[in-house]
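We number each residue from 1, following the sequence as shown.
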Amino acid sequence: MEIKDIKKSFLEINNAQKNNFGLVALYDFLENFLVLSDSVEQENDLEGIKNNNGKEGEDIVSLYNEIKNIGLNIEEQLKSSESKLELVKNQRKEICEILNSLSAYDIEIDYIFENINYYIEKRYIKDKFSSEDTRPENSYTFFKNIYYYLNDNIKDQEQLNDLIFNIVKILPFRITKYKFSDIIGDSLKEEIKGFPKKAAEFYIEKYKIIFNGTMERSYGVKFDNYFRRIEEFKVKNYEQCSNDELKKSFEDLTVIKNSITDLIHFVGILGILINKLIVIFSTKDLIKNNIDEKILSEWALYWNNNQNNKEHLITLLKEKSKDVYDNIKERAKNLEKLDEDHIFREKADEELNWDLIIIEEIIYYLNDMKLDSLGFLPHNQRDPMTLDDSEQITENFIQYIFRNLPSNNVQRKIRMRNLMAEIPYVFNNIDDLMSYINIALDSSVTSYEEAKYYQNILYAMVQDSIEKDK
């Protein structure tokens, strides 16, 4: 085939795939909105969201109603000459801002939980293990057993990273600021290697919020109901609290956290629905004449007939989605066969490159579950990051951390420990992890009671992690 014929075939297949992606997004949107609206209206959740969250609650309910209005009139929306693409992209930004606000409060609650747990755990260790006659296992034997167990069973870096996260989160934090700085700096450089500069800066900002949720710009501004309640718990002196007081604080905080978690879940579903609408309105000129008429008629029947055909409609939507996914796979194979040696792609012209960028953006929003506020990064904003950029970004981040360390020693160590747990690649092998465990349980600063307690936890944790992956 000549280049012009290959190009024509490429563009035809790409158009067919854009149509497929649009239809998948449409069927997914209809199914997910159906389930959400049924749950929301049965539980009367909207009133609670509006009444308990001030202006932000009203904004969330308004977003839900806007999405509902699009869903109820989906056929009319697709046939309209008016584009709603920019509207739904702006709604996605609004949803990301709400999620960022809620996540910041959730982060600070978790730090309060850990502060409370520190004193509960300290008292538990003293009460339970000081009365036992048995001493902890000999350090050499313990480390040898853990090392061989890990070495024989850890299969890949992903499994190791999961275990690192759990171990770092649970063990006492006993590394120096300088060692912490080296570990964090090296790990971040590894993570952002190859990122566009803008994306690297975005992820560094996310880690700043993970370290200190109050650095989120909307903290204390939005959802002031959560702000006031959380700040009350932050100023308590938990070291002076009785066990009953610690338990009561833990229970009260759990109620607040559950409320935030439920709201994050609800807003997250709205965000995923908005992502589907972005794909739908990006492809509406292709899909408006290709939608299964039976779907549209069953959809109208559902809303006009007291929702009696819900199960049938969901089954139909799932079947149609599967058919389209099968077609996507088949078209992808055809594309590969068309240019098996990738000769044409290397000579792709501006028209085809632009078409591929459109498809890349459509696939991004179709699959996006994280709802990062960065969103899809256009190619003209993907400036490569230099080695100097990487050094500067990580150095600025570490300086930021040190400037914002709490004065309270317990809280400082909790935040440093959690940040280290969240960043991938802090330890690249079992030897590095064992070195960290050795420092955390250094016998010169670890009592017999603590050693016994953490040995028990580590044995159980390591075994559970490995059993899960078998």
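- For the pair Ile357 and Phe376, the tightest heavy-atom approach, listed with the atom from each and the gap, is O-CZ, 4.2 Å.
- Contact annotation: the side chain of Leu150 approaches that of Leu163 to within less than 4.5 Å [non-hydrogen atoms, C-beta and beyond].
- Thr254 places a side-chain N or O within 3.5 Å of a backbone atom of Phe250 that can act as its donor or acceptor partner.
- Under the 4.5 Å side-chain criterion, counting only non-hydrogen atoms from C-beta, Val426 is not in contact with Tyr436.
- Ion pair Glu391/Lys189 flagged as a salt bridge, since at least one NZ, NE, NH1 or NH2 atom sits closer than 4.0 Å to an Asp/Glu carboxylate oxygen.
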Salt bridge (charged side-chain N to carboxylate O under 4.0 Å, His left out) between Glu201 and Lys198, worked out: CA-CA 5 Å; Glu201 291 170 341; Lys198 189 168 182 178; over 6 Å; no
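- Residues Phe402 and Phe180 have side chains in contact (heavy-atom distance under 4.5 Å, counting atoms from C-beta outward).
- The backbone N or O of Asp28 lies less than 3.5 Å from a partner atom in the side chain of Asn32, making a donor-acceptor pair.
- Residue Lys236 holds its NZ atom at 3.0 Å from OG of Ser249, rounded to the nearest 0.5 Å.
- Remark: Arg382 CZ is packed, more than 12 non-hydrogen atoms of other residues, nucleotides or ligands lying under 6.0 Å away.
- Scanning all heavy atoms of the two residues, the minimum distance from Ser373 to Asn100 falls at OG-ND2, 3.8 Å.
- A cation-pi contact, defined as under 6.0 Å to the ring centre and within 45° of the axis, is absent between Lys257 and Phe113.
- Between Arg415 and Glu108, at least one side-chain nitrogen of the basic residue sits less than 4.0 Å from a carboxylate oxygen of the acidic one, meeting the salt-bridge criterion.
- Remark: the backbone N or O of Tyr111 is not paired with any side-chain donor or acceptor of Asn115 at under 3.5 angstrom.
- Between Arg174 and Ala440 the shortest heavy-atom distance is NH1-O, 2.6 Å.
- In this structure, Tyr119 contributes its side chain and Gln240 its backbone to no donor-acceptor pair below 3.5 Å.
- Thr446 and Asp442 make their closest contact through OG1-O, 2.8 Å (heavy atoms, listed as atom of the first residue, atom of the second, distance).
- Comment: Lys169 does not engage Asp110 in a salt bridge, judged by the lack of any side-chain N to carboxylate O separation of less than 4.0 angstrom.
- There is no side-chain donor-acceptor pair under 3.5 Å between Asp388 and Thr386.
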Does the pair Asn161 and Gln157 meet the rule for a side chain to side chain donor-acceptor pair (under 3.5 Å), with working shown? CA-CA 6 Å; Asn161 282 343; Gln157 185 67 38; 2.9 Å; yes
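- With a 6.0 Å radius and a threshold of 12 heavy atoms from other residues, nucleotides or ligands, Glu158 has its CD atom at or below the threshold.
- Between Arg331 and the choices Asn19, Asp326, Asn14, Ile13, the side chain to side chain contact (heavy atoms under 4.5 Å, CB included) rule is met once, by Ile13.
- Between the side chain of Asn438 and the main chain of Ser435, no donor-acceptor pair closer than 3.5 Å is present.
- Comment: Arg229 does not engage Asp252 in a salt bridge, judged by the lack of any side-chain N to carboxylate O separation of less than 4.0 angstrom.
- Within the 3.5 Å criterion, the main-chain N or O of Pro378 finds no donor-acceptor partner in the side chain of Gln381.
- Contact annotation: the side chain of Pro172 approaches that of Tyr454 to within less than 4.5 Å [non-hydrogen atoms, C-beta and beyond].
- From Ile192, atom CD1 reaches atom OG1 of Thr394 across 6.0 Å, with rounding to the nearest 0.5 Å.
- You'll find the side chain of Tyr226 reaches within 4.5 Å of the side chain of Leu102, heavy atoms only.
- Note on Lys206 versus Glu191: no salt bridge recorded, every NZ/NE/NH1/NH2 to OD/OE distance being 4.0 Å or above.
- If you take CG on Asp355 and CD on Gln17, they are separated by 11.0 Å, rounding to the nearest 0.5 Å.
- Dense packing is recorded around CZ of Phe142, with more than 12 heavy atoms of other residues, nucleotides or ligands lying under 6.0 Å away.
- The shortest non-hydrogen separation linking Lys155 to Gln159 is N-OE1, 3.0 Å.
- Between Phe266 and Tyr64, the ring-plane angle classifies as tilted under the 30° and 60° cut-offs.
- Taking the side chain as every heavy atom from C-beta outward, Ile107 and Phe211 never approach each other to under 4.5 Å.
- Side chain of Thr283 to backbone of Leu286: no donor-acceptor contact under 3.5 angstrom is found.
- Between Lys248 and Glu245, none of the side-chain N atoms (NZ, or NE/NH1/NH2) sits under 4.0 Å from a carboxylate O, so this pair counts as no salt bridge.
- Contact check for Val24 versus Val279: no side-chain heavy atoms found under the 4.5 Å cut-off.
- A 4.5 Å side-chain heavy-atom check between Ile60 and Asn53 finds every atom pair outside the cut-off.
- Atom CD1 of residue Ile112 and atom CG of residue Leu253 lie 5.5 Å apart, to the nearest 0.5 angstrom.
- Remark: Phe165 CZ to Asn418 CG distance equals 7.5 Å, nearest 0.5 Å.
- Between Glu231 and Lys234 a salt bridge is recorded (basic side-chain N to carboxylate O distance below 4.0 Å).
- Below 30°, between 30° and 60°, or above 60°: for Tyr105 and Phe223 the angle between ring planes is above 60°, a perpendicular geometry.
- The CG atom of Asn20 sits 10.5 Å away from the OH atom of Tyr325 when rounded to the nearest 0.5 Å.
- The aromatic rings of Tyr219 and Phe227 sit perpendicular, their planes meeting at an angle over 60°, well past the 30° parallel limit.
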Determine, step by step, whether Asn275 and Asp368 satisfy the side chain to side chain donor-acceptor pair (under 3.5 Å) criterion, reporting the C-alpha distance in whole Å, the side-chain angles of both residues, the deciding distance to 0.1 Å, and the verdict. CA-CA 7 Å; Asn275 279 341; Asp368 175 39; 3.0 Å; yes
